[in-house]
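Chain letters run A, B, ... following the sequence lines, proteins first and then strands; every chain starts at 1.
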Number of protein chains: 2
Amino acid sequence: MNIGEASAATGVSAKMIRHYEQTGLIRPALRSGAGYRVYGDGDVHDLRFIRRARDLGFSTAQMGQLMKLWRDRSRASSDVKAVALAHIVELEAKMRALQEMTRALRHLAEHCHGDARPHCPIIEDLSAAGATPADEGRKALGKGFEVLR
Amino acid sequence: MNIGEASAATGVSAKMIRHYEQTGLIRPALRSGAGYRVYGDGDVHDLRFIRRARDLGFSTAQMGQLMKLWRDRSRASSDVKAVALAHIVELEAKMRALQEMTRALRHLAEHCHGDARPHCPIIEDLSAAGATPADEGRKALGKGFEVLR
DNA sequence: CTTGACCTTCCCAGCGTGGGAAGCACCATA
DNA sequence: TATGGTGCTTCCCACGCTGGGAAGGTCAAG
């Protein structure tokens, strides 16, 4: 199987497959005589695993952990659960941050007439903000949020 | 006012202030004889505006729009509201995506014993994923999510 | 054999933010 | 006044994830 076929079969772009290989998340693929990467069923399985984990918002680092646990047949399910729970905690923190932002924004929008006149509480709130607002949300959305692209 | 003082007064790091200047979000600061950036009340106001908008999760592009509207005293409040509402829609899409991820993950975690044995539905789900799962979440979390760092 | 689709590697971009180096400017205290 | 510490300047690099694109080799079908 070519990288293109593997990509089509797993939903992971060829670009990303090469990237994952280069960063060590997956083993280097076998090569054909011409240097083409060759994938087998096992590799496709790995890529689907990655794809699914990515869909669940895991970071590459977390995917690495999960892959390792996956391959380790003597793993303790508590180890896997720990990774998952840690991730849930992260996701929840991000959601809370987003919720707070939405809440604030919706509140402002509700009080904005949205007509042709210039008066607008949204702009006013932004420009009249206190000295150093706590930055509640954004900091909770720490590293690993990019993953969700 | 120095860049350091402006930073302390607004909660925007000196690094980011230079960055915003370089990328055109704010006007180039005046310079002292020695080449130091010099900030006045107006600049501080601008930076606080940015800071606040950033806290609300606006992207730099959106902040640019808002700054423009802010400066335009003849703006229509509907324009501002449009930007805000568009952003709310984005935030909500992202929240939904995160919620879906959390839901799925929590479901899996609930069924994992979390003991010393290797059997674990989380790992099994990841490895048994269908051919090309719809990638519901992640794609909704499109561009502009990084902003939320 | 030509053509088009596919593969290879390599570099560059973006988002927002921070780290750090090298070198100059400034201020307070000894 | 000399000196040190702090703060400023510019410039480059990194993260995480993803895509774009160039230059060149390969393969299968017409």
Side-chain angles (χ1 to χ4, degrees), chain A residues 1-9 11-26 28-39 47 50-51 53-64 87 90 94 97 135 137-149, chain B residues 1-9 11-26 28-39 47 50-51 53-64 87 90 94 97 135 137-149:
Chain A
M1 212 188 301
N2 275 341
I3 196 172
E5 294 165 326
S7 167
V12 181
S13 74
K15 280 267 189 200
M16 289 313 295
I17 295 178
R18 293 192 197 98
H19 177 71
Y20 290 143
E21 174 181 316
Q22 208 199 332
T23 55
L25 187 59
I26 55 179
L30 296 176
R31 299 294 184 124
S32 74
Y36 283 23
R37 286 177 180 78
V38 176
Y39 297 90
L47 288 170
I50 286 172
R51 175 67 207 274
R54 208 190 53 182
D55 287 351
L56 287 172
F58 285 99
S59 70
T60 349
Q62 289 172 318
M63 285 196 273
H87 186 47
E90 288 173 22
K94 289 163 191 174
D135 191 8
R138 161 160 267 101
K139 298 228 161 142
L141 301 168
K143 297 159 190 177
F145 210 41
E146 325 75 7
V147 175
L148 300 163
R149 170 184 314 231
Chain B
M1 212 187 307
N2 274 342
I3 196 173
E5 294 165 327
S7 167
V12 181
S13 74
K15 281 268 191 201
M16 289 315 294
I17 295 178
R18 292 194 198 96
H19 177 70
Y20 290 143
E21 175 180 316
Q22 207 199 331
T23 55
L25 186 59
I26 56 179
L30 296 175
R31 297 296 183 123
S32 73
Y36 283 25
R37 285 176 181 79
V38 176
Y39 298 89
L47 288 170
I50 286 171
R51 175 67 206 274
R54 209 192 51 182
D55 287 351
L56 287 172
F58 285 100
S59 71
T60 348
Q62 289 171 317
M63 286 196 272
H87 187 46
E90 287 174 22
K94 288 163 190 175
D135 192 8
R138 154 162 276 102
K139 297 227 163 146
L141 301 167
K143 296 157 190 179
F145 209 39
E146 325 73 9
V147 174
L148 299 165
R149 171 182 309 236

Mind calculating the distance between OH (A/Tyr36) and P (D/dA28) to the nearest angstrom?
-> 9 Å
Value in whole Å for how far the P atom of D/dA28 lies from CD of A/Glu5 = 11 Å
side-chain contact (heavy atoms from CB on, under 4.5 Å) between B/Tyr20 and B/Ile50: does it pass, once the steps are laid out?
-> CA-CA 10 Å; B/Tyr20 290 143; B/Ile50 286 171; 3.7 Å; yes
Quickly work out the B/Tyr39 OH to D/dG7 P distance and round it to whole Å.
-> 16 Å
Report yes if a side-chain nitrogen or oxygen of B/Arg37 is closer than 4.0 Å to either non-bridging phosphate oxygen (OP1 or OP2) of D/dT9; otherwise report no.
-> yes
Would you call B/Arg51 and B/Met63 a side-chain contact if the rule is heavy atoms closer than 4.5 Å?
-> no
OP1 or OP2 of D/dT10 less than 4.0 angstrom from a side-chain nitrogen or oxygen of B/Arg31, does that happen here?
-> yes
Determine whether A/Arg37 and A/Asn2 make a side-chain contact, defined as any pair of heavy atoms from C-beta on separated by less than 4.5 Å.
-> no
How about B/Ile17 and B/Tyr39: do any of their side-chain heavy atoms sit closer than 4.5 Å?
-> yes
A/Ser13 side chain N/O closer than 4.0 Å to the phosphate oxygens (OP1, OP2) of D/dG19?
-> yes
Starting at CE of A/Met1 and ending at P of D/dC27, how long is that distance when rounded to a whole Å?
-> 18 Å
Salt bridge or not for A/Glu21 and A/Lys15, using N-O below 4.0 Å?
-> no
Considering all heavy atoms, the nearest B/Val38-B/Ala29 contact = O-CB, 3.9 Å
Given DNA chain D, 5'-ward residue of the pair A/Lys15 and A/Ser32, judged by closest heavy atom = A/Lys15
Residues from residues 18-25 of chain A sitting under 4.0 Å of DNA chain D, heavy atoms only?
-> A/His19, A/Tyr20
Taking CZ from A/Arg51 and P from D/dT18, how many angstroms apart are they, rounded to a whole number?
-> 10 Å
B/Arg18 side chain near B/Gln22 side chain, heavy-atom distance below 4.5 Å = no
May I have the distance from A/Ile50 (atom CD1) to D/dT18 (atom C1'), rounded to whole angstrom?
-> 15 Å
Please state whether the phosphate of C/dC6, meaning OP1 or OP2, lies under 4.0 angstrom from any side-chain nitrogen or oxygen of A/Asn2.
-> no
Spacing between B/Leu30 atom CG and D/dC8 atom P, to the nearest angstrom = 16 Å
Atom CD1 of B/Ile3 and atom P of C/dA25 are separated, to the nearest Å, by 17 Å
